[in-house]
Amino acid sequence: MYRKNVQDGYIVSLAKGVTEENSNIDETEYLRIKSVFDNPPEVPDNCGCRLKESLEWETYELPVAEELEE
């Protein structure tokens, strides 16, 4: 058995094993999601991407780190 963890509409993890939650998926769905996870799009510098539950990638800007004063 396989499972996926979805938070706020985004797939945040994918794993093998069974849980008591409603996150269990079959092997076909696992392999379909894994193939998308394994091929993320190229993103500009200072950007990240995350996978929607619909298996579409979403690009977003990373927060700018503030410089620490000494």
Within this structure, what is the CD-OG1 distance for the pair Glu42 and Thr59, rounded to the nearest 0.5 Å? 11.0 Å

Would you give the length of the straight line joining atom CG of Leu14 to atom CZ of Arg32, rounded to the nearest 0.5 angstrom? 11.0 Å

Is there a donor-acceptor pair closer than 3.5 Å between any side-chain N or O of Arg3 and the backbone N or O of Ile25? no

Shared hydrophobic cluster, Tyr10 / Val43 (ILVMFWY, side-chain heavy atoms < 4.5 Å): no

Taking every non-hydrogen atom, the tightest pair across Asp26 and Tyr2: C-CD1, 4.0 Å

In terms of hydrophobic clusters joined by side-chain contacts under 4.5 Å, are Trp57 and Val12 together? no

In terms of heavy-atom contacts, Asn39 and Ser35 come closest through ND2-O, 2.8 Å

Can you confirm whether Lys16 sits close enough to Met1 that some side-chain heavy atom of one is under 4.5 Å from a side-chain heavy atom of the other? no

Rounded to the nearest 0.5 angstrom, the CZ-NZ distance for Phe37 and Lys4 is 10.0 Å

Please step through side chain to side chain contact (heavy atoms under 4.5 Å, CB included) for the pair Asn46 and Glu61, ending with a clear verdict. CA-CA 6 Å; Asn46 300 319; Glu61 287 188 41; over 6 Å; no

Quick check for you: to the nearest 0.5 Å, what is the distance between Cys49 atom SG and Tyr60 atom OH? 7.0 Å

So do Leu51 and Val36 actually touch side chain to side chain, heavy atoms under 4.5 Å? yes

Identify the two heavy atoms, one from Ile11 and one from Lys52, that lie closest to each other, and give their separation to 0.1 Å. CD1-O, 4.0 Å

